[in-house]
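Scroll down for the structure; my scribbles are underneath it.
Residue indices begin at 1 and follow the sequence shown.
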Amino acid sequence: MATPMELSCWAGDWGLPSVHTDSLIVLAYAKFSGAKLTIEPVDWTWKTLTGTVPALHCEGTTVTEPVQILNFLRKQRYNADYELSAKQGADTMAYIALLEEKLQPALLHTFWVDTENYANLTRPWFASHSPFPLNFFLPSRLASMALSRILLTKGESPLHSIMEVEAKIYSEAKECLNLLSHRLGSSQYFFGNTPASLDAFAFGYIAPLLKASLPSCQLQQHLKQLSNLCQFCDAILKNYFVDRAPGSPPASQDTVDANLQKLTQLVNKESNLIEKMDDNLRSSPQHRPRRADPKPSPLCSERNSTPA
């Protein structure tokens with residue numbers, strides 16, 4: 001019997017199982033390797049402030065960070081990289097490092113530092129998925145952490161301010177996307193027809209950038225020009241996440257009202273049809289149903305044949 005495992009992660013939206021890159025990586029790898037996880041969205045809990053997301057809980061053990069979680073799943077014999085060669089394994093490590101160095105800072109800036117995106121998308125989403133009073137200061141805390149991480153990794157001399165760093169990180173991010181597109185080519189996944197850990201990392205980084213409704217979207221526009229990466233994300237969503245995303249909200253009230261209106265119209269139409277049929281039946285001539293004449297009984301036949 002498989003050991004029960006529970007994953008705490010940010011919930012889904014925008015057509016994704018999670019809006020959070022690290023959570024998406026773990027969710028995708030679990031699907032690729034066949035690991036059965038119970039998903040626990042951290043929405044409306046104090047874990048959003050005190051805990052690390054994603055976090056895998058198994059038999060009293062808690063593992064955080066995507067790389068550590070994937071290693072833990074491999075020890076549980078859920079290995080999506082089992083058929084990779086040594087060279088493919090080395091390529092996987094190199095491209096994951098490339099994603100973390102070149103693409104991650106631009107994603108942090110896009111969602112958390114860009115003023116227009118933060119005010120109109122990121123902050124409202126995370127505030128609406130956090131309990132009172134965390135919804136007032138949790139988004140700003142996450143934004144400060146993102147800014148600090150960008151300046152720590154990209155703010156080396158002579159670039160010290162975020163304005164000076166911005167042009168550099170977006171240039172490097174576009175270069176990274178171009179390299180990923182070239183490596184993927186016309187293949188369905190990075191190493192053929194079966195997804196592996198590199199596919200999980202690439203999906204986790206690219207999918208939010210592709211699917212979010214960003215008001216300011218220079219990097220998103222560049223990504224949409226790389227059709228094979230867009231098709232790559234859509235294929236993973238279609239093949240592995242066909243159900244409603246964990247923690248995603250139910251259908252909106254407008255959708256419910258529209259469906260109810262359609263159902264009401266259908267019922268009224270059927271009622272009118274039945275009423276019309278009933279009127280036609282009432283107005284038509286009424287005749288007794290045809291019945292076969294009863295056969296005479298043998299006794300009656302004998303009586304009729306007896307001479308007087």
Side-chain angles (χ1 to χ4, degrees), residues 7 9-37 39 41 54 66-67 69-70 73-74 78-85 87-89 91-100 102-104 106-107 110-111 173-214 217 219-248:
L7 181 70
C9 64
W10 280 106
D13 206 345
W14 317 330
L16 300 174
S18 176
V19 302
H20 185 236
T21 289
D22 288 352
S23 299
L24 272 181
I25 293 171
V26 176
L27 289 169
Y29 185 86
K31 290 287 186 179
F32 298 162
S33 62
K36 304 297 184 182
L37 303 179
I39 308 302
V67 173
I69 295 176
L70 267 56
L73 292 176
R74 292 188 188 101
Y78 298 110
N79 190 354
D81 297 340
Y82 180 76
E83 297 182 357
L84 297 185
S85 65
K87 182 181 183 305
Q88 290 173 332
D91 288 345
T92 296
M93 296 177 63
Y95 275 97
I96 290 175
L98 180 70
L99 287 167
E100 293 176 346
K102 303 295 186 182
L103 188 56
Q104 186 180 63
L107 291 179
T110 297
F111 285 94
K174 292 176 182 178
E175 180 184 357
C176 177
L177 290 174
N178 291 339
L179 290 173
L180 285 175
S181 177
H182 178 73
R183 177 63 182 82
L184 180 62
S186 59
S187 301
Q188 184 175 9
Y189 302 111
F190 283 95
F191 298 112
N193 297 322
T194 304
S197 59
L198 176 56
D199 300 279
F201 273 85
F203 175 75
Y205 279 98
I206 296 173
L209 179 62
L210 177 64
K211 298 298 183 180
S213 299
L214 297 168
C217 54
L219 190 58
Q220 186 183 68
Q221 290 175 348
H222 182 80
L223 172 60
K224 289 184 176 180
Q225 295 175 2
L226 305 173
S227 58
N228 61 340
L229 291 182
C230 299
Q231 294 169 2
F232 163 80
C233 291
D234 291 337
I236 290 178
L237 289 172
K238 179 180 178 181
N239 295 334
Y240 293 95
F241 297 101
V242 293
D243 298 330
R244 185 169 63 87
S248 60

Query raised in the report: Taking the six-membered ring for Trp, are Trp14 and Phe111 parallel (under 30°), tilted (30 to 60°) or perpendicular (over 60°)?
Result: parallel

Query raised in the report: Checking Asn79 side chain against Arg74 main chain: does a donor-acceptor pair fall under 3.5 Å?
Result: no

Query raised in the report: Can you check whether Lys102 reaches Leu179 side chain to side chain, under 4.5 Å on heavy atoms?
Result: no

**Report entry** CG-CG distance between Leu219 and Leu210, expressed to the nearest 0.5 angstrom
**Finding:** 11.0 Å

**Report entry** Reported CG-to-CG distance for the pair Leu99 and Leu198, which is rounded to 0.5 angstrom
**Finding:** 7.0 Å

Query raised in the report: Would Cys9 and Val26 count as a side-chain contact (heavy atoms from CB on, under 4.5 Å) if you check the C-alpha gap in whole Å, the side-chain angles of each, and the deciding distance to 0.1 Å?
Result: CA-CA 9 Å; Cys9 64; Val26 176; over 6 Å; no

Query raised in the report: Does Lys87 pair with Asp91 as a salt bridge, N-O distance under 4.0 Å?
Result: yes

Query - Qualifying residue for side chain to side chain contact (heavy atoms under 4.5 Å, CB included) with Pro208, from Thr21, Leu107, Val19 - result: Thr21

**Report entry** Student check: side-chain heavy atoms of Ile25 and Phe203 closer than 4.5 Å
**Finding:** no

Query raised in the report: With a 4.5 Å limit on heavy-atom distance, are the side chains of Pro195 and Tyr240 in contact?
Result: yes

Requested in this report: Walk me through it: do Tyr29 and Leu24 pass the test side-chain contact (heavy atoms from CB on, under 4.5 Å)?
Outcome: CA-CA 8 Å; Tyr29 185 86; Leu24 272 181; over 6 Å; no

Query raised in the report: Should Thr92 and Phe191 be marked as a side-chain contact (heavy atoms from CB on, under 4.5 Å) after you check the CA-CA gap, both sets of side-chain angles, and the distance that decides it?
Result: CA-CA 10 Å; Thr92 296; Phe191 298 112; 3.3 Å; yes

Query raised in the report: Which atom names give the shortest non-hydrogen contact between Glu100 and Gln104, and what distance separates them?
Result: O-CB, 3.4 Å

Query raised in the report: Charged N to carboxylate O under 4.0 angstrom, Asp13 versus Lys211?
Result: no

Query raised in the report: Under a 4.5 Å cut-off applied to non-hydrogen side-chain atoms, are Pro17 and Leu237 in contact?
Result: yes

**Report entry** Least distance between heavy atoms, Ala196 atom then Ala80 atom
**Finding:** CB-O, 3.7 Å

Report task. Taking the side chain as every heavy atom from C-beta outward, state whether Leu27 and Ile39 have any atom pair closer than 4.5 Å. Result -> yes

Query raised in the report: To the nearest 0.5 Å, how far apart are CZ in Phe241 and CG in Leu16?
Result: 9.0 Å

Query - Spatial distance of atom OG (Ser197) from atom CG (Leu84) [nearest 0.5 Å] - result: 6.5 Å

**Report entry** Beyond-backbone contact of Pro66 with Phe201, side-chain heavy atoms, under 4.5 angstrom
**Finding:** yes

Query raised in the report: Rounded to the nearest 0.5 Å, what separation is found between the CG atom of Leu103 and the CG atom of Leu98?
Result: 8.5 Å

Requested in this report: Mark yes or no for whether Asn228, through its side chain, and Ser186, through its backbone, hold a donor-acceptor pair below 3.5 Å.
Outcome: no

Report task. Verify, without hydrogens or angle tests, whether Gln220 (side chain) and Ala212 (backbone) share a donor-acceptor contact under 3.5 angstrom. Result -> yes

Query raised in the report: Do side-chain atoms of Gln88 reach the backbone of Ser85 as a donor and acceptor pair under 3.5 angstrom?
Result: yes

Query raised in the report: Between the side chain of Asp199 and the main-chain N/O of Tyr189, is any donor-acceptor distance below 3.5 Å?
Result: no

Query - Spacing of His222 atom NE2 and Leu229 atom CG [to the nearest 0.5 Å] - result: 9.0 Å

Query raised in the report: Do side-chain atoms of Ser23 reach the backbone of Ser18 as a donor and acceptor pair under 3.5 angstrom?
Result: no

Query raised in the report: Quick check: does any side chain N or O of Ser181 sit under 3.5 Å from a backbone N or O of Leu177, one acting as donor and the other as acceptor?
Result: no

Query raised in the report: Can you check side-chain contact (heavy atoms from CB on, under 4.5 Å) on Leu180 and Tyr205, steps first, answer last?
Result: CA-CA 11 Å; Leu180 285 175; Tyr205 279 98; over 6 Å; no

Query raised in the report: Can Phe232 and Phe190 be said to form a ring pair (Phe, Tyr, Trp, His ring centres under 6.0 Å), step by step?
Result: CA-CA 9 Å; Phe232 163 80; Phe190 283 95; 5.4 Å; yes

